There are 2 protein chains.
Amino acid sequence: MPRSTRTALTRDEVLDAAAALVKQHGPASLTMRKLAAELGTAVTSIYWHVGNRESLLDALVERTVEEMGAVRPAGRTPAARIVSVARGLRRELRERPHLIAMVHERGLTERMFLPAQRALVHEMHAAGLRGARAAEAVRAVQFQVVGYVLVERNRERAPAQHPGEEDLWGADAAEHDPALARALARPADPERLFVNSVRALVDGLLTRAGGAVSGGPYPQ
Amino acid sequence: MPRSTRTALTRDEVLDAAAALVKQHGPASLTMRKLAAELGTAVTSIYWHVGNRESLLDALVERTVEEMGAVRPAGRTPAARIVSVARGLRRELRERPHLIAMVHERGLTERMFLPAQRALVHEMHAAGLRGARAAEAVRAVQFQVVGYVLVERNRERAPAQHPGEEDLWGADAAEHDPALARALARPADPERLFVNSVRALVDGLLTRAGGAVSGGPYPQ
DNA sequence: ACCTGAACACCGTTCAAGT
DNA sequence: ACCTGAACACCGTTCAAGT
């Protein structure tokens, strides 16, 4: 929809229109000429407001980083609250895949994760973890979330591209462990798998700290 | 370096030159005209050999997927062999960041990980894990590796972009837990942190299976 | 302060024409 | 079978000129 022609063009209007285009079809589909057509102005007007295409994308990224600030842990135990933070992160990442990818390209992933990181630190402390071990636990959860969302999206985008996968697992491992073959062929419920994975990881991390379960600190 | 002008242009020559350009400066820097100049031919000759730019990139991706096949687990215990597989994956991912990103964009990440996945399944079995729980353990390790490499590269590429990070951790949490603040401000030894994270995760996953450490199976 | 069209260099791709 | 130059539509960006 072209904007109303009464008022003057705004930098925010440009950003909004650009964000809409990127959210739908990715940054490659955002051309200055298409954006101008969408806004009902000359291509060159956009340059006055945002400088150039790169600055425009940078501004979109900056917006996204700021929007990722809200983190509301919920639950009775630290472990439960960590899981809730992880679920929130996953949801936010899944809502803006293209923008998140752009944040990543610009090296701002860590800054984007700062609020979540602080929440995780708080919960690790509440669970009795301290120092370098708490830091490792925080990072382990972050990586788990990022990795899961990436692989998950990958699978969704390319559902028919793995014709040999079931065959491979079917041929070799099916008789040894059919349940495993089935589980690896397709993740029945991504949300459930996600929560279970995070829960297992958190459980492992917290248990290690308490009892030195098998072998104690890691040498070398 | 322009190729020798004696022999006819080969599809493989085109792929090699394209791969070299992509490895150095990423896919965006690969233009058909630059590639032609590099090969000492007309732009249009390339089209005869590879169809178009998209097919050329697809071919590079296909190559990369095939090259990621070699996985050699080493170590005495299943846990040690799992860690060695993870280290090998990390090394291979770090060697070709641009190509790996292209593989991911095309939805082939899972296919690329198949050989490693099978090795991980084998070790999980050796460690006594079966069925859906073994499948979850395999995926947890995969995600851990992918997530770690992504965040790690991100930090390397944008070393000066986090001016506020130390301040944030310094101001708030430093007195409560200075060791943690330090650890989160900069990862001293990425390889060490990686191995320790994977080892902790594997430890947690395997321990859970044996003894039902805290709470048993996950409801809901 | 804000907007415009013309012009430039670059891009991927097609095609008819060569050998 | 393999290679070529000309031509097309598209792109980001600059700039002098308008109000």
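We name chains A, B, ... by the order of the sequence lines, and we start the count at 1 in each one. In this text the structure is predicted, and so the values were computed from the model without any measurement.
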*asked:* Please give me every residue in residues 51-64 of chain B whose heavy atoms get under 4.0 Å of an atom in DNA chain D, ordered by residue number.
replied: none

*Does any residue of residues 16-27 of chain B have a heavy atom under 4.0 Å from DNA chain D, and if so, which ones, in number order?*
none

*Might you point out which heavy atoms bring Gln117(B) and Val138(B) nearest each other, and give the distance in Å?*
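Closest pair (atom of Gln117(B), atom of Val138(B), distance): CG-CG1, 3.6 Å.
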
*Determine: side-chain N/O of His49(A) to OP1/OP2 of dA1(C), distance under 4.0 Å, yes or no.*
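Checking His49(A) against dA1(C): no side-chain N or O falls below 4.0 Å of OP1 or OP2.
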
Calculate the interatomic distance between [X] atom [atom1] and [N] atom [atom2]; express it in whole Å.
X        : N       : atom1 : atom2 : result
Tyr47(A) : dT13(D) : OH    : P     : 4 Å
Leu39(A) : dC2(C)  : CG    : P     : 15 Å
Leu35(B) : dT13(C) : CG    : P     : 12 Å
Arg33(B) : dC11(C) : CZ    : C1'   : 6 Å
Glu13(A) : dC2(C)  : CD    : P     : 12 Å
Met32(A) : dT14(D) : CE    : C1'   : 13 Å

Residues forming a side chain to side chain donor-acceptor pair (under 3.5 Å) with [X], sequence neighbours excluded:
X         : value
Arg94(B)  : Glu152(B), Glu156(B)
Glu191(B) : Arg87(B), Arg90(B)
Glu54(A)  : Arg106(A)
Gln144(A) : none

*Applying side chain to side chain donor-acceptor pair (under 3.5 Å), which residue pairs with at least one partner in residues 16-32 of chain B are found, sequence neighbours left out?*
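Every side chain to side chain donor-acceptor pair (under 3.5 Å) pair that includes a residue of residues 16-32 of chain B, provided the two are not neighbours, is Asp16(B)-Arg63(B).
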
_salt bridge (Lys or Arg N to Asp or Glu O under 4.0 Å) partners of Glu67(B), counting only residues at least two apart_ =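 Checked Glu67(B) against salt bridge (Lys or Arg N to Asp or Glu O under 4.0 Å); matches are Arg96(B).
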
*Set of residues satisfying salt bridge (Lys or Arg N to Asp or Glu O under 4.0 Å) with respect to Glu62(B), sequence neighbours excluded*: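 Arg111(B).
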
*asked:* Test of understanding: with ring-ring contact (aromatic ring centres under 6.0 Å, His included), list the residues that count as partners of Tyr47(B), not counting sequence neighbours.
replied: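 Applying ring-ring contact (aromatic ring centres under 6.0 Å, His included) to Tyr47(B) gives none.
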
Below 4.5 Å, heavy atoms only, C-beta onward: do [X] and [Y] meet side chain to side chain?
X         : Y         : result
Tyr148(A) : Val198(A) : no
Leu129(B) : Glu136(B) : no
Leu180(A) : Arg133(B) : no
Leu193(A) : Asn196(A) : no

*When Watson-Crick pairs (N1 to N3 and N6-O4 or O6-N4) and G-U wobble pairs (N1-O2 and O6-N3) count only below 3.5 Å on both distances, what is the dot-bracket string of DNA chain D, with | for other-strand pairs?*
||.|||||...|||||.||

*Which value, in whole Å, describes the distance between the P atoms of nucleotides dC2(D) and dA17(C)?*
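These two P atoms come out 22 Å apart once rounded.
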
*Leu30(B) near the nucleic acid: base, sugar-phosphate alone, or nothing, with a heavy-atom cut-off under 4.0 Å?*
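Touches sugar-phosphate only.
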
Polar-atom pairs under 3.5 Å, protein N or O versus N or O of nucleotides 4-6 of chain D: list them with distances, or write none.
unit_1	atom_1	unit_2	atom_2	d
dT4(D)	OP2	Ala42(B)	N	2.7
dT4(D)	OP2	Ser45(B)	OG	2.6
dG5(D)	O6	Thr44(B)	OG1	3.1

_Gap separating the OG1 atom of Thr41(B) from the CD1 atom of Ile46(B), nearest 0.5 angstrom_ =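 Result: 5.0 Å between the selected atoms.
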
